[in-house]
Enquirer: 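Provided herewith is a single structure, encoded as structure tokens, for subsequent inquiry.
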Amino acid sequence: MDLKSLIRDIPDFPKPGILFRDITTLLRDPDGLRYTIDFLAQKCIELEIQADCIVGMESRGFIFGAPLAYKLGSGFIPVRKKGKLPAAVHRIDYELEYGTDSLEVHQDALSPGSKVLIVDDLIATGGTASATAKLVQQIGCELVGFGFIIELRDLQGRKYLPDVPIISLVEY
């Protein structure tokens, strides 16, 4: 299946000069969504990535991470923006292009030694994925890989990630 044909390009969003890759058109297509999850799971199996937990970043990482966890027989752990989780959290602050942001995970969500696969819809500059990797590693988890639907190769985000398998289904 040609996943690129299901991803809509929106020029000048969120600001002039940016070409936004919109996955909502992929999500509305039942065959495309099923294929995406199955293909991501197949890549994990081929690379022998075995994860106790799939960690998905807010919010589009939830969309792909939860069904992937189901498919692989893993648990799913949401990583959220600051202040969104109700119980005690682990937090990491990280740099953005203009400022900082924070990510949090419940303190009881991951145990040291857990094998973790981080999933999101897209890797661009790698900032959020890198911060999430540092967060799970600070907890003492073993990072076993990353899974992305889209990779924007020109932004070179993968060079900021740890040396583990990186899956991307579509590259621009």
Side-chain angles (χ1 to χ4, degrees), residues 3 23 26-27 33-97 99-152 155-171:
L3 289 179
I23 61 161
L26 167 64
L27 295 173
L33 179 57
R34 186 177 308 105
Y35 177 84
T36 300
I37 299 303
D38 289 347
F39 191 30
L40 196 52
Q42 176 189 332
K43 291 287 188 185
C44 289
I45 292 165
E46 287 172 4
L47 292 171
E48 299 180 359
I49 296 173
Q50 295 181 352
D52 300 313
C53 298
I54 307 297
V55 167
M57 288 95 81
E58 186 169 343
S59 66
R60 292 178 301 268
F62 300 174
I63 295 169
F64 297 103
L68 180 64
Y70 173 80
K71 185 92 175 161
L72 295 177
S74 303
F76 176 75
I77 309 297
V79 169
R80 304 225 41 204
K81 302 282 182 160
K82 183 178 177 180
K84 301 285 186 178
L85 292 171
V89 297
H90 295 288
R91 175 182 302 134
I92 190 163
D93 298 318
Y94 65 105
E95 297 292 323
L96 297 170
E97 189 174 349
T100 61
D101 208 348
S102 299
L103 294 171
E104 297 178 337
V105 64
H106 277 139
Q107 287 182 2
D108 62 358
L110 293 165
S111 301
S114 295
K115 294 181 179 184
V116 172
L117 172 67
I118 296 174
V119 173
D120 206 358
D121 68 321
L122 178 135
I123 179 169
T125 62
T128 304
S130 176
T132 303
K134 289 175 186 164
L135 179 62
V136 300
Q137 289 172 324
Q138 286 174 5
I139 294 168
C141 298
E142 178 186 347
L143 180 63
V144 296
F146 292 92
F148 303 103
I149 309 310
I150 299 170
E151 181 173 1
L152 304 179
L155 297 178
Q156 301 179 4
R158 75 171 45 221
K159 77 178 183 182
Y160 300 104
L161 302 180
D163 186 22
V164 295
I166 300 171
I167 299 165
S168 57
L169 303 183
V170 177
E171 296 180 358

Enquirer: For residues 69-79, run the donor-acceptor check on the side chains, cut-off 3.5 Å, and write out each pair with its distance to 0.1 Å, sequence neighbours left out.
Expert:
from: K71; atom 1: NZ; to: D38; atom 2: OD1; distance (Å): 3.0
from: S74; atom 1: OG; to: A51; atom 2: O; distance (Å): 2.7

Enquirer: Side-chain contact, heavy-atom cut-off 4.5 Å: I150 with L169?
Expert: no

Enquirer: Do V105 and L135 touch side chain to side chain, with heavy atoms closer than 4.5 Å?
Expert: yes

Enquirer: Strictly below 4.0 Å, N to O, side chains only: are R60 and D120 in salt-bridge contact?
Expert: no

Enquirer: To the nearest 0.5 Å, how far apart are CG in L155 and CG in L122?
Expert: 8.5 Å

Enquirer: I'd like to check I49 versus V164 (side-chain heavy atoms, cut-off strictly below 4.5 Å). Are they in contact?
Expert: no

Enquirer: Minimum heavy-atom separation for I167 and L47, please, with both atom names.
Expert: CG1-CD1, 3.6 Å

Enquirer: Between A131 and L103, what is the shortest heavy-atom contact and its length?
Expert: CB-CD1, 4.1 Å

Enquirer: Salt bridge check, R80 against E104: does any charged N sit closer than 4.0 Å to a carboxylate O?
Expert: no

Enquirer: Would you compute the distance between atom CD1 of I123 and atom CD1 of I166 and round it to the nearest 0.5 angstrom?
Expert: 6.0 Å

Enquirer: A side-chain contact here means heavy atoms from C-beta on lying under 4.5 Å apart; do D121 and I63 qualify?
Expert: no

Enquirer: Ignoring hydrogens and geometry, is there a side-chain-to-backbone donor-acceptor pair from Q107 to V89 under 3.5 Å?
Expert: yes

Enquirer: Please round to the nearest 0.5 Å and tell me the distance separating atom NZ of K115 and atom CD1 of I54.
Expert: 13.0 Å

Enquirer: What distance do S130 atom OG and I92 atom CD1 have between them, rounded to the nearest 0.5 Å?
Expert: 7.5 Å

Enquirer: Does a salt bridge link K81 with E58, judged by any charged N lying under 4.0 Å from a carboxylate O?
Expert: no

Enquirer: So how far is it from Q156 CD to K159 NZ, rounded to the nearest 0.5 Å?
Expert: 4.0 Å

Enquirer: Under 3.5 Å, is there a donor on one side chain and an acceptor on the other for S114 and D52?
Expert: no

Enquirer: What are the two closest heavy atoms between G127 and Y94, and how far apart are they?
Expert: O-CD1, 3.9 Å

Enquirer: Would you call F64 and L27 a side-chain contact if the rule is heavy atoms closer than 4.5 Å?
Expert: yes

Enquirer: Flag the pair L117 / L143 as yes when at least one side-chain heavy-atom distance between them is below 4.5 Å, and no otherwise.
Expert: no

Enquirer: Taking CD in Q42 as the centre, count heavy atoms belonging to other residues, nucleotides or ligands within less than 6.0 Å. Is the count above 12?
Expert: yes

Enquirer: Heavy atoms only: give me the nearest S168-R158 pair and the separation to one decimal.
Expert: OG-NH2, 3.9 Å

Enquirer: Assess the side chains of Q137 and K134: does a donor N or O sit below 3.5 Å from an acceptor N or O?
Expert: no

Enquirer: If I compare all heavy atoms of I118 with all of A129, which pair ends up nearest, and what's the gap?
Expert: CD1-O, 4.4 Å

Enquirer: Enter the distance from D101:CG to D93:CG here, rounded to the nearest 0.5 Å.
Expert: 8.5 Å

Enquirer: Can you find a pair of side-chain heavy atoms, one from F148 and one from V119, that are under 4.5 Å apart?
Expert: no

Enquirer: Quick check: are there more than 12 heavy atoms from other residues, nucleotides or ligands sitting under 6.0 Å from CD of E48?
Expert: no

Enquirer: Between P165 and V144, which heavy-atom pair has the shortest distance, and what is it?
Expert: CD-O, 3.4 Å

